[in-house]
Amino acid sequence: RRARVDLAIAELERTGAFDRSLLVLVSPTGTGYVNYVAVAALQYLALGDVATVTLQYSRRPSPLSLGMVHTAREQNRLLWLRILQRLRDRPGRRPRVVLFGESLGAHTSQDVFLHWGTLGLDAMGIDRALWIGTPYGSKWMRQVTRGDRLDVDAEAVAVVNDHAQFAALAEQRGSSPRFVLLSHDNDGVTKFGPDLLWYPPDWLGPSRPRPEPVVAGSPRGIPPAMRWRPVTSFFQGLVDMKNAQTSSGAFGATQHDYRADLPRFLSDVFGLPASEEQLVRIEEILQARET
C-alpha cells in the first residue's frame with residue numbers, strides 16, 4: 001500500500017501537479033472508474049489549470065467491493081496525508097485541494113473522516129468536497145446530517161437533489177455550502193440498506209422530502225403513499241437500487257446518473273466561476289461527446 005502511494009506521489013511530482021492551482025482528490029468506484037464527465041468539466045472550468053489523482057482499491061463492481069471499504073479508506077488516508085505534508089513543506093503558492101467521489105467512491109472517501117465530522121476535512125486542508133450518489137451505508141453521511149455534533153459545521157454541509165435546490169439553499173444561508181452531497185431522491189443506491197429488513201428508514205419518515213414539480217432532471221421528493229413493510233421494502237429497495245444504475249441515456253440527471261448535473265455543481269461547489277453562456281457551452285460540448 002505504501003509503495004502504491006509512493007508511486008502516486010512520484011507521478012504528481014513528475015507531471016507538475018503541485019504547480020496547478022487546483023488539486024482534485026478522487027476515490028473511484030469499485031471497478032476503479034472515475035467519472036470522465038467530471039474530469040472533462042473540471043478541465044474546461046479551470047482552463048486546464050487542474051490536476052486529478054486517484055488510487056484504485058478494487059477491480060470488481062461496487063456491490064462486490066463492499067469488503068474493500070476498509071482498504072480504500074486507509075489507502076486514501078495515507079495518500080491524502082502525504083499530499084498534505086508535501087503541500088505544507090512546499091514554499092510559495094500552493095494549490096487549493098478539493099475532493100470528489102461517486103457512489104462507492106463517495107462512501108470510501110467519506111469514511112476517511114468517520115467520527116471527525118467536517119472538522120476532519122478542514123484539518124486535512126480540503127477546501128471543498130462534492131459527492132454524488134452516496135450509498136445509504138455511509139456512516140459519515142449520517143453523522144453529519146443527523147443531530148447536533150460539535151465537530152460538524154452544519155452550515156457547510158448540504159444534501160440536495162438538484163442544482164436549483166442547491167442554489168436556493170445557498171441563497172437562504174447567505175453562503176455556498178462547502179461540502180455537498182448530491183443525491184437524487186429517486187436514486188435507489190442512496191436509499192437501500194440492510195436495515196430496511198427491520199425498521200423504517202428516515203427517508204420514509206415524517207420528515208421525508210415532499211414531491212415537487214421539476215421541469216427536467218431528477219424528480220424531487222418521496223411519494224407520500226410509500227410505506228415501509230418488513231422484508232418487502234428490503235427487496236423492493238434492492239430492485240430499485242439495481243434499476244437506478246441503468247444509464248438513462250446520452251446525458252442524464254436522474255436516478256444514479258449524475259452526468260448532466262456535474263458542470264454547474266463543480267463550478268459552484270469548487271469555486272470555479274463561469275458565466276451562464278460558458279456553462280451552457282460546456283454542457284453542449286460534454287453532451288456532444290457522449291452522443
Side-chain angles (χ1 to χ4, degrees), residues 1-12 15 17 23-40 42 51-84 97-116 120-121 124 126 129-143 179 181-184 187-196 234 237-247 252 255-259 262:
R1 190 180 302 166
R2 290 185 179 182
R4 300 179 73 238
V5 169
D6 288 341
L7 284 173
I9 295 294
E11 189 69 1
L12 288 168
T15 57
L23 179 58
V24 186
L25 311 178
V26 179
S27 188
T29 65
T31 59
Y33 168 82
V34 174
N35 196 306
Y36 54 89
V37 175
V39 176
L42 282 168
T52 303
V53 60
T54 188
L55 275 180
Q56 189 170 359
Y57 52 86
S58 175
R59 293 182 295 176
R60 298 178 293 177
S62 292
L64 301 179
S65 301
L66 293 174
M68 301 297 290
V69 170
H70 173 76
T71 298
R73 178 183 67 210
E74 296 308 312
Q75 179 176 267
N76 285 336
R77 179 180 290 137
L78 180 58
L79 174 62
W80 299 347
L81 284 172
R82 287 283 303 278
I83 290 174
L84 173 63
V97 180
V98 297
L99 178 59
F100 177 80
E102 175 177 10
S103 196
L104 192 63
H107 185 171
T108 52
S109 58
Q110 291 168 7
D111 240 39
V112 173
F113 311 103
L114 194 61
H115 310 306
W116 282 23
L121 288 112
M124 290 187 67
I126 295 175
L130 174 63
W131 294 285
I132 59 177
T134 301
Y136 182 73
S138 170
K139 294 180 181 178
W140 182 89
M141 175 183 65
R142 301 187 194 186
Q143 289 178 351
F179 310 124
L181 295 90
L182 173 58
S183 298
H184 292 155
D187 183 356
V189 174
T190 68
K191 304 291 188 294
F192 176 75
D195 52 0
L196 280 172
F234 173 84
L238 181 63
V239 172
D240 286 343
M241 178 188 69
K242 179 181 181 299
N243 291 340
Q245 298 180 68
T246 303
S247 176
Q255 296 185 310
H256 202 54
D257 186 356
Y258 293 85
R259 288 171 296 168
L262 287 171

| message | Once salt bridge (charged side-chain N to carboxylate O under 4.0 Å, His left out) is applied, do any residues pair with Arg82, and if so which ones, sequence neighbours excluded? | response | Asp6

| said: With no hydrogens and no angle check, just 3.5 Å: does a side-chain donor-acceptor pair link Ser103 and His256? | reply: yes

| said: With side-chain contact (heavy atoms from CB on, under 4.5 Å) as the test, pick out the partner of Leu262 among Val39, Leu182, Ile132, Leu42. | reply: Ile132

| query | Heavy atoms, side chains only, cut-off 4.5 Å: are Leu12 and Ile83 in contact? | reply | yes

| field | Heavy-atom pair of closest approach, residues Tyr57 and Ser27 | value | CE2-OG, 3.9 Å

| request: State whether the side chain of Thr108 and the backbone N or O of Arg73 hold a donor-acceptor pair below 3.5 Å, judged by distance alone. | output: no

| remark: The side chain to side chain donor-acceptor pair (under 3.5 Å) partners of Thr15 (sequence neighbours excluded) come to none

| query | Can you name the closest pair of heavy atoms from Thr190 and His184 and give their distance? | reply | OG1-O, 3.7 Å

| field | From Asp111 atom CG to Asn76 atom CG, the distance as rounded to the nearest 0.5 Å | value | 9.5 Å

| Distance-minimising heavy-atom pair for Pro194 and Phe234 | CA-CE1, 3.9 Å

| query | Has the side chain of Arg142 got a donor or acceptor atom that lies under 3.5 Å from a matching backbone atom of Tyr136? | reply | yes

| Taking only residues two or more places apart in sequence, or in another chain, which ones meet Arg4 in a side chain to side chain donor-acceptor pair (under 3.5 Å)? | Gln75

| 4.5 Å side-chain heavy-atom contact, Leu79 and Ile9 | yes

| said: Which residues pass the salt bridge (charged side-chain N to carboxylate O under 4.0 Å, His left out) test with Asp240, not counting sequence neighbours? | reply: none

| said: Can you see whether Asn35 engages Tyr258 through a side-chain donor-acceptor pair at a distance of less than 3.5 angstrom? | reply: no

| Side-chain donor or acceptor of Glu102 paired with backbone N/O of Pro28 under 3.5 Å | no

| request: Carefully, step by step, assess Met241 and Lys191 under the rule side chain to side chain contact (heavy atoms under 4.5 Å, CB included). | output: CA-CA 8 Å; Met241 178 188 69; Lys191 304 291 188 294; over 6 Å; no

| Below 4.5 Å, heavy atoms only, C-beta onward: do Arg60 and Thr31 meet side chain to side chain? | no

| request: Applying side chain to side chain contact (heavy atoms under 4.5 Å, CB included), run through Val97 and Leu25 and close with a yes or a no. | output: CA-CA 7 Å; Val97 180; Leu25 311 178; 3.6 Å; yes

| query | Atom CG in Leu99, atom CG in Leu130: separation rounded to 0.5 Å? | reply | 9.0 Å

| request: Check Phe100 against Val24 and note the closest heavy-atom contact, atom names and distance. | output: CB-CG1, 4.2 Å

| message | If the condition is side chain to side chain donor-acceptor pair (under 3.5 Å), which residues does Tyr36 pass it with, not counting sequence neighbours? | response | Glu290

| task | Heavy atoms only: give me the nearest Gly237-Phe192 pair and the separation to one decimal. | result | C-CD1, 3.4 Å

| message | Using 0.5 Å steps for rounding, measure from the OG1 atom of Thr71 to the CG atom of Leu55. | response | 12.5 Å

| field | Distance, nearest 0.5 Å, that separates CH2 of Trp140 from CG of Leu114 | value | 10.0 Å

| Given side chains that start at C-beta, do those of Trp116 and Met124 come closer than 4.5 Å, heavy atoms only? | yes

| query | Atom CZ of Phe113 and atom CZ of Arg77: how far apart are they, to the nearest 0.5 Å? | reply | 8.5 Å

| What's the spacing between Thr134 OG1 and Leu181 CG if we round to 0.5 Å? | 4.5 Å

| said: How close do Gln110 and Ser138 get, counting heavy atoms only, and between which atoms? | reply: OE1-OG, 2.5 Å

| Residues that Gln56 engages under side chain to side chain donor-acceptor pair (under 3.5 Å), provided they are two or more places apart | none

